[in-house]
Structures are given as C-alpha cells and as structure tokens.
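Chain naming here is simple, since letters A, B, ... match the order of the sequence lines and numbering starts at 1 in each.
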There are 2 protein chains.
Amino acid sequence: MSGQGILALSAHKEDAQTSANAIYESIRHDILSGKLGANARLKVSELARIHDTSTNPVREALQQLRGEGLVLFAPNQGARVRPIDMEFVRDVVEVGVLLEPYLLRWFVETASDADVAKLRGLQAEMEMLNFQDKPRHTVLDSTFHETMYARHYNRVAYGVWKQHREIISSISTRVPIALGRQKAILLEHRDLIEAISAQETDRAVAVLTQHIGDAGRHLVDQLRIEETLATQAVKG
Amino acid sequence: MSGQGILALSAHKEDAQTSANAIYESIRHDILSGKLGANARLKVSELARIHDTSTNPVREALQQLRGEGLVLFAPNQGARVRPIDMEFVRDVVEVGVLLEPYLLRWFVETASDADVAKLRGLQAEMEMLNFQDKPRHTVLDSTFHETMYARHYNRVAYGVWKQHREIISSISTRVPIALGRQKAILLEHRDLIEAISAQETDRAVAVLTQHIGDAGRHLVDQLRIEETLATQAVKG
DNA sequence: CTTTCATGAATAATGTATGATTTTGGTGAA
DNA sequence: TTCACCAAAATCATACATTATTCATGAAAG
C-alpha cells in the first residue's frame with residue numbers, strides 16, 4: 001500500500017513499480033519502524049548508494065515524503081526525519097478521536113454479517129495471543145479498525161486516518177502495553193463488537209471514543225516514560 | 001506559506017528558496033486556481049520549459065504535490081491533476097465539520113481582546129464589501145477562520161484544516177454565493193463573534209458547526225449546478 | 001585550561017545537461 | 001479490427017557546475 005498523503009488513497013496500481021517508488025517505500029518503512037530516528041539526516045548520496053540507484057529517484061522519494069510530512073526539508077541542508085515525539089503523537093491521537101467515531105457510524109449502518117464475523121475473528125486471535133506477540137497484536141488491532149473504516153465513502157477522512165494509523169502503529173509496536181490496559185483493550189473490543197452487532201450506533205460510538213482516547217493516552221504516557229528514562233540516562 | 005502535507009507545518013523558513021520550491025508553489029497555485037483543470041496532464045518537459053529550468057526540479061515539485069495528494073501519478077504515464085470534484089469537496093467539508101469545532105474550543109478559551117478585535121475588523125470589512133468582490137471576500141473569510149485556529153496547540157489538526165481550507169478557498173472564489181447564503185454568512189459570523197466574546201464555548205461551537213455545515217452544503221450545491229450545466233452543454 | 005570564534009577544506013545540496021532505456025499511445029497497413 | 005511500427009514521454013543514470021553547509025583545526029579570548 002503506497003500512502004499518498006491525506007487527499008489521495010486513489011491510485012492503487014502503482015506499488016513499487018518505479019525505482020523511486022521502491023525507495024520511497026523503503027525510506028518510509030525505515031522511518032516508521034524507527035530504524036531512522038528522529039531528525040536523522042537523509043543524505044541523498046548515501047541513500048542512493050544504499051539502494052544502488054542514482055540520486056535522482058532518491059530525491060524524488062524524499063520530496064514525496066516531504067509532501068506527506070514524514071521528512072522535513074531545510075534549504076541547502078537537505079532532508080531530515082520528522083521527529084515523532086510525544087506532542088506529535090498526542091496531536092495525531094486527538095485527531096483520531098474526532099475522525100474515528102465519524103467513520104464508525106457509517107460502518108455500523110452498513111456492516112454485513114461477514115464484516116462482523118471478520119471483527120470477531122480478529123478479536124479471537126487477539127484474545128488468543130494475549131499480547132505475547134506485540135507486532136502481531138498491533139497488526140491485528142490495526143486490521144480491526146481498518147475493517148470498520150476502509151469502505152467509508154469519505155476517502156479523505158479515511159486517508160487521513162490511515163496515514164495517522166500507520167504512524168501510531170509504528171510506535172505501538174515498540175512500546176510496552178501496561179497490564180491494566182491489556183485487559184481494557186480486549187474488553188472494549190468485545191463491547192464494540194456487541195454494540196455493532198446489535199446495531200446500537202450511539203453505544204458503539206461511545207465505546208469507541210472511550211477506547212481510542214484511552215489507547216492514545218496510554219501511548220503518550222509510555223512515550224513520556226521512555227523520554228524520562230532517556231533523560232535520566234543522560235544525566236546519570 | 002508552503003503547504004507541507006498534513007503532518008508538517010513546521011519548517012517555515014523554506015518559502016520558495018530553491019527552484020524546485022518555486023515550481024512547486026507555481027504548480028500548486030495553478031491547480032488550486034483552476035488554471036490546471038481536473039486530470040490535466042503535467043508533462044515534465046513542458047513544465048521545465050515553462051519555468052525555464054531543467055526537468056529535475058520539476059519532477060521533485062511534482063513528487064511533493066503527489067505526497068500532498070494534489071497530483072496523481074500513474075507508472076510510466078507521469079502526473080495528472082487530481083480532480084477536485086463534488087464528492088471530494090463533500091468529503092473535505094465533512095472533515096472540516098469534525099475539525100473546526102475542536103479547533104474553535106481552544107480559541108474560545110484562549111482568545112485575547114486583540115483576537116476578538118481582529119475578528120470584528122475582518123467581519124466589518126466583509127459586511128462593507130457585501131460580496132461585491134468575491135476573491136477578497138474569500139480571503140477575508142479564510143483569514144477569519146485562520147485567526148481562530150492558527151495558534152492551536154494541535155499542529156496536526158491545524159495542518160489538515162489549513163490544507164483543506166486552501167482547496168475550499170480556491171473553489172469558493174469561482175462559484176457564486178446564493179443571496180440567501182450571503183445574509184446567513186454575515187449573521188452566523190456575528191453570532192459567532194458574540195459567543196466568543198461572551199466566552200460561551202458551547203454556543204460558539206454550535207454556531208460554527210451550523211455555519212460550516214451550511215457553507216459546505218452550499219458549495220457542493222453550487223458545484224452540482226456547475227456540473228449539471230456542463231452536462232447539458234455537452235448534450236445540447 | 002577551557003571556551004569561543006574564525007577559517008578553510010571536505011562534504012553535500014541543488015541544479016543543468018545529456019543520453020539510454022522503457023513504456024505508452026497513436027498511426028497506418030494488413 | 002488487429003497488429004506492427006514509431007514518436008513522445010517517463011524514468012533513470014551519469015557527469016558536472018555552483019553554491020552552501022559542515023566540521024575539524026587552530027588561534028584568540030576569558
């Protein structure tokens with residue numbers, strides 16, 4: 001899936017066809033996975049060497065990422081990885097709190113049995129895993145939400161959400177989930193499925209709002225802890 | 001101000017410094033102003049000739065616009081202008097309905113006398129103009145909203161709104177405003193300023209929600225009329 | 001002695017120019 | 001209509017010029 005910025009999400013046929021696209025995907029992955037840390041400098045010549053291409057496709061890939069907001073440019077200084085810090089995550093989460101209930105309403109009113117069954121399946125696997133495999137859990141969790149939103153008529157809203165979700169996911173996989181939160185996640189998902197299944201839109205929205213709000217706050221808290229530890233490590 | 005996609009809005013020091021940036025601004029403007037119509041093909045060599053540069057900066061500008069979602073790429077077919085049609089505007093408007101109340105709340109709670117005075121000034125000029133100068137009105141209207149949101153702590157939300165607003169503005173300047181809507185706009189703005197001034201957050205939010213919902217629907221209706229006329233012109 | 005500051009070479013960004021390769025899209029013949 | 005062919009254009013590689021930044025070095029100041 002090639003992210004295309006908030007407005008796009010249309011042309012699906014251009015995945016890694018071109019060299020620039022492959023580089024784009026690669027750099028994007030490295031940023032989201034944390035391999036390229038905050039403010040890491042993205043030297044064109046170096047990236048070209050790594051990907052065994054000329055500098056041209058690299059520069060284009062970086063410009064695309066710039067349009068997407070994942071890298072920042074300073075004149076004559078080239079590109080750097082946009083720092084994904086606490087404030088940033090908080091902001092993304094708060095936008096999600098606005099978007100997801102909106103996206104969910106459409107789903108509740110248009111969901112098929114198969115859709116609900118799919119949610120139950122994902123939920124079952126999450127319960128099975130019980131957070132033993134965090135990356136897998138994160139994928140399942142994202143798929144859970146994606147299942148609900150992917151067919152929404154508002155492609156712009158879906159695009160914004162999707163782009164944000166990929167950032168959130170990338171962070172989720174590398175921070176721990178508190179025990180209390182683990183129980184809550186499974187509970188909230190169960191409630192959500194029930195509400196959807198019963199076609200109780202308002203209740204579903206209420207549950208979801210609670211769910212993503214809590215999840216977001218938990219994520220920010222974990223980042224705060226991470227940051228505190230890092231600061232202490234420097235001082236100590 | 002150089003738009004940077006949803007997540008950006010950070011580095012402000014890079015306006016048209018580089019050649020690629022100037023081209024980016026230029027193409028972006030031509031798309032938003034309608035000079036480059038829906039699906040218009042963006043040939044690299046042609047754009048390079050027009051801007052009197054090599055093809056390299058052009059390609060980079062296009063990639064940036066791609067990341068922003070304003071142009072679409074098909075492999076080996078180059079770039080085209082993303083069509084800004086009725087559905088798209090509807091989607092953007094609906095996201096605005098979610099974001100603006102959120103952004104407004106912060107403003108109401110942090111606005112200074114100077115802020116309110118500025119709003120009154122903009123409103124006064126709009127009343128004076130009385131829609132005689134549409135481009136000017138659109139600028140004032142955008143500035144009105146921008147004044148309320150620009151300092152919001154959530155840069156992501158502000159960035160999304162801002163990017164969307166530029167699209168909405170570009171369309172607003174070229175469609176007529178119905179007489180009834182003209183009266184309503186001024187009235188709603190007055191109500192909004194009053195509510196803000198009185199620190200009545202919920203009322204302000206209610207007025208704003210009504211305002212942008214109506215404005216959005218009006219815009220979509222105008223586009224529908226435009227489209228209908230275009231279809232009839234073809235048939236007739 | 002440490003910090004600050006100037007300096008110049010190495011590094012890198014940006015842009016130009018050109019050509020190779022491949023794909024696309026149209027044109028005319030079978 | 002189908003298919004071979006060709007011009008146009010996209011994509012990429014390569015090489016190079018220019019400009020700006022970075023960074024290590026060393027001098028000067030505190």
Side-chain angles (χ1 to χ4, degrees), chain A residues 2 4 8 10-28 30-31 36-68 70-83, chain B residues 2 4 8 10-28 30-31 36-67 70-82:
Chain A
S2 74
Q4 291 218 352
S10 329
H12 285 294
K13 56 178 172 178
E14 32 108 327
D15 284 28
Q17 292 286 1
T18 68
S19 171
N21 225 315
I23 298 171
Y24 160 82
E25 302 272 5
S26 172
I27 298 175
R28 187 164 189 278
D30 288 347
I31 292 175
L36 290 168
N39 289 309
R41 196 164 169 195
L42 300 165
K43 297 184 192 176
V44 171
S45 55
E46 189 181 336
L47 291 167
R49 185 166 41 74
I50 291 172
H51 294 89
D52 193 38
T53 62
S54 67
T55 57
N56 219 326
V58 172
R59 285 167 62 172
E60 290 171 25
L62 290 177
Q63 291 294 338
Q64 195 181 345
L65 288 164
R66 170 199 206 171
E68 218 175 301
L70 284 179
V71 316
L72 301 176
F73 269 74
N76 297 316
Q77 291 181 28
R80 285 178 182 277
V81 175
R82 183 204 171 100
Chain B
S2 73
Q4 291 218 351
S10 327
H12 287 293
K13 55 179 172 178
E14 33 105 328
D15 284 27
Q17 293 286 0
T18 68
S19 170
N21 226 314
I23 298 171
Y24 160 82
E25 302 270 6
S26 172
I27 298 176
R28 188 165 190 276
D30 289 346
I31 292 174
L36 290 169
N39 289 310
R41 194 161 170 198
L42 300 166
K43 296 184 192 177
V44 171
S45 55
E46 189 180 338
L47 291 168
R49 186 167 40 74
I50 291 172
H51 293 88
D52 194 39
T53 62
S54 64
T55 57
N56 217 326
V58 172
R59 289 184 61 87
E60 288 171 26
L62 290 177
Q63 291 294 341
Q64 194 182 346
L65 287 164
R66 171 199 205 170
L70 284 180
V71 316
L72 301 176
F73 270 73
N76 296 316
Q77 290 181 20
R80 287 179 179 276
V81 174
R82 184 205 170 98

Neighbour count above 12 (heavy atom, 6.0 Å) for B/N39 CG: yes
I need the minimum non-hydrogen distance between A/V44 and A/V58, along with the two atoms involved. O-CG1, 3.9 Å
Between A/V81 and A/G37, the two heavy atoms sitting closest are CB-O, 3.3 Å
Going 5' to 3' along DNA chain C, which nucleotides are the first and last within contact of chain A (any atom under 4.0 Å from a heavy atom)? C/dA12 to C/dG15
Where do A/S54 and A/A48 come nearest, in terms of heavy atoms and distance? O-CB, 3.7 Å
So which heavy atom on B/A61 is nearest to which on B/A20, and how close? CB-O, 3.7 Å
Would you call B/L47 and B/L62 a side-chain contact if the rule is heavy atoms closer than 4.5 Å? yes
Does B/E60 reach the side chain of B/Y24, with side-chain heavy atoms less than 4.5 Å apart? no
For every nucleotide of nucleotides 8-13 of chain D, 5' to 3': is a protein heavy atom under 4.0 Å from its base (B), only from its sugar-phosphate (S), or from neither (-)? -SSSSB
